[in-house]
Amino acid sequence: MGIFSLFGKKDKQPARKPTEAESSQKKREDSRVQAKNENDYVQRMAAHATAMKIDAIESEMSSEFVKPLPFSGNTMPGPASQFLNTNVRSPDTQATKVPDTATHLGQPSMLPDIMGASTAFLLGAETVIGPVAISKSEAPLAIEEAAILFANGQTDLIEPVLLNAIAEDSSGEARLTVWGMLFDLYQVTGQRDLFENLSIEFANKFEMSPPTWRVGGSAENSQAPVARNNTIPSIAFPAKLDAGIIKQLERIKNLAEMSPVLKLEFARVTQVDPVGCGLLLNILKRLQKSGHKLILVGAPELAEKIQAILLVGRRDETEAPWLLLLEVLRLLNREADFEERSIDYCITFEVSPPAFVSPQDKVTTDHEETAAADETSSDHFVMPVLIDARSDTLGQNIAAYAHTHNPVILDCSQLTRMDFNAAGRLFGDLMPLISSGKTIELHSPNHFIVALCNVMGMTDSVRIVPRKN
C-alpha cells in the first residue's frame, strides 16, 4: 500500500465547466472592455485630429508676439488721417496764407475751381458713401464744400472757401453757420490768434458776443494726439467661436505689435466648438506671456457658453473647452468657480488641474465702447474725438446702449471730426434704431458735424441740439 493510500487520497476531480450565465457575463465584460478600448482610441484619434487642425491654423501665424510699440491709433494700411494745421501747406497746395483775417475778408475766392465743383468731384472717384447717400441740401454750396473737405481731413483747403463766403456775404440766413465753421476750424487746428481776430470782426459785424476759445479744444495741439494715444484697439469675435476666427487671430497678431493694451469682445458669441476654444486659449496665453494688458467684454457670458457644452465624466475630442473655461474664470478672478470646475476637469480627465493664479492688474472687464470710456453720465453716450475707419464697433455699441435708453443721446461735445466714409457707415447703423422708434439726438456737435449731417440727409432723421456757445 502506497503512502498516498494511507491518507486516503481521492482520485482527481474533473474541472467544473462554467455555467451558461457565467459565460454570457464574461462575454459581456470582454465586450465592454473592447468597446472602452475602441472608444478611448477614437477619442485619442479625434483629439489628435483637433490638435492637428489647431496647429495647422496657428502655423500661419508667428508663434510669439513681439514687444508692443506705442500705439498710433491707426489700424488701417497706409498713413493715418490727421488734422493739418492751416499754417503748414502741403507741397501740392499753392494757396497763399493771409495771417490777418480782417484784411483777407475783402479778397476774392482763392479756389475758383473748387467753388464751382460738384459734390462728386470733391468726394473723389474712390470715395465710398456707404448705406446713406448724399442728398441735395438747402445749405449754401460753401457750407457743403467745407463740410466734405473737413470730413476728408483736407483742413488746409477750407479756410479760403469760408473766407470767400464771408467776404461775399452770400450765405443769407446761413451766414452765422459759415462764421461758426471758421471759428471751429481755427479751434480744431489750434490757431488761437486767428480765432481772436475773427472774434473781433464777428463782434463788430453782428454786435453780439463771439464764441470763446475752449482750452484743450484743439485737435492739433491736444485732443487729437490724446485720442490717438488712448485709443484701445478692439477685436470683436463673431457669433460662432470656431475655426473661422482666423481673421480675428490675425488682427490680434497685428495689433499686438502696436499696442500694449487690447480689447477682446465676446458679446456676439452664441456658439463655441473645440477648435475655436483651442485657438482662443492659445492666443490668450500668448498675449499674457508677451505682457499685454487685456480688456475683456462679454467674458462671463462666454464662460456660460463654454460650460453649456461640457459634461462631467464625458471626455470630448479635446480638453480645450475645459481649459479655456478655466482660463476665462481665472482671468475674471473668479477663484471659487475656478476651483469647482477644476474638480470636474480632474474627474473627467483623471489629471491634475491647472493652479489658480490671480490675473492681478493685467486683465480687466468692460461693457462699454472704448470711445465711451470717458462717459460721465449714464443718460448720455459720449462719442469719441475722431470717428474713422477704426470705429468699426461704434454703431454696435450705440445699438447696445439704445436697448435701455430712449431718446438715444449721443454726446458730441468731444467729437471733433467724422471721416466721410465712417459717417456713412455710422448713419447706416443708426437707421434701424430710428425705424424701430428710437429718437436719436446729437448733443453739442460742432458746425462741421451738423453740416455733414445735412449733406448726408440725416437732419430729418436725427435731432440736433447745438452748442450753447
Please name the residue in the list Gln187, Arg192, Gln191 that meets the side chain to side chain donor-acceptor pair (under 3.5 Å) test with Thr189. Gln191

So does Glu250 pair up with Lys253, basic N to acidic O under 4.0 Å?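 Judged by the 4.0 Å cut-off on N to carboxylate O distance, Glu250 and Lys253 do not form a salt bridge.
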
[Y] and [X], any side-chain heavy atoms less than 4.5 Å apart:
| X | Y | answer |
| --- | --- | --- |
| Thr155 | Val188 | no |
| Phe427 | Met456 | yes |
| Leu281 | Lys285 | yes |
| Val261 | His292 | no |
| Val357 | Arg330 | yes |
| Ser444 | Val465 | no |
| Phe338 | Glu340 | no |
| Leu176 | Phe206 | yes |

State the [atom1]-[atom2] distance between [X] and [Y], to the nearest 0.5 angstrom.
| X | Y | atom1 | atom2 | value |
| --- | --- | --- | --- | --- |
| Met458 | Met431 | CE | CE | 5.5 Å |
| Trp179 | Ile166 | CH2 | CD1 | 5.0 Å |
| Ile440 | Ile464 | CD1 | CD1 | 12.5 Å |
| Leu324 | Ile283 | CG | CD1 | 12.0 Å |
| His380 | Cys412 | NE2 | SG | 11.0 Å |
| Met181 | Ile158 | CE | CD1 | 7.0 Å |

Check the angle between the aromatic planes of Phe266 and Phe237 and answer parallel, tilted or perpendicular using the 30° and 60° thresholds. parallel

Parallel, tilted or perpendicular, as decided by the 30° and 60° cut-offs, for the rings of His405 and Tyr401: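 Ring orientation, 0 to 90° scale: parallel.
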
Taking the six-membered ring for Trp, is the centroid-to-centroid distance between Tyr186 and Trp213 below 6.0 Å?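 No, the ring of Tyr186 stays outside the 6.0 Å limit from the ring of Trp213, centre to centre.
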
Does the pair Leu415 and Val385 meet the rule for a side-chain contact (heavy atoms from CB on, under 4.5 Å), with working shown? CA-CA 4 Å; Leu415 176 59; Val385 174; over 6 Å; no

Any chance you could lay out the side-chain contact (heavy atoms from CB on, under 4.5 Å) test for Leu182 and Glu159, step after step, and finish with the verdict? CA-CA 7 Å; Leu182 190 55; Glu159 184 188 37; 4.2 Å; yes

Which heavy-atom pair separates [X] from [Y] by the least distance, and what is that distance?
| X | Y | result |
| --- | --- | --- |
| Ala243 | Leu279 | CA-CD1, 4.2 Å |
| Gly437 | Asn406 | O-ND2, 3.8 Å |
| Gly276 | Ile245 | O-CD1, 3.9 Å |
| Pro210 | Phe183 | CB-CZ, 4.2 Å |
| Trp322 | Leu310 | NE1-CD2, 3.5 Å |
| Pro211 | Ser199 | O-OG, 4.0 Å |

Using side-chain contact (heavy atoms from CB on, under 4.5 Å) as the criterion, point out the one residue from Leu284, Val297, Ile295 that pairs with Leu264. Leu284

Spell out, as yes or no, whether a donor-acceptor pair under 3.5 Å connects the side chain of [X] to the backbone of [Y].
| X | Y | result |
| --- | --- | --- |
| Lys240 | Val269 | no |
| Asn421 | Ala389 | no |
| Asp429 | Ala399 | no |
| Arg251 | Ser234 | yes |
| Asn397 | Thr393 | yes |
| His443 | Ile409 | no |
| Arg334 | Leu329 | no |
| Asp411 | Ser413 | yes |

Tell me, with the steps shown, if Phe420 and Leu452 meet side-chain contact (heavy atoms from CB on, under 4.5 Å). CA-CA 8 Å; Phe420 200 95; Leu452 185 61; 3.7 Å; yes

Among side-chain atoms of Asp184 and His447, is any donor-acceptor pair under 3.5 angstrom? yes

Gln396 and Ile398: CA distance, side-chain angles, deciding distance, side-chain contact (heavy atoms from CB on, under 4.5 Å) verdict: CA-CA 5 Å; Gln396 300 171 10; Ile398 292 176; over 6 Å; no

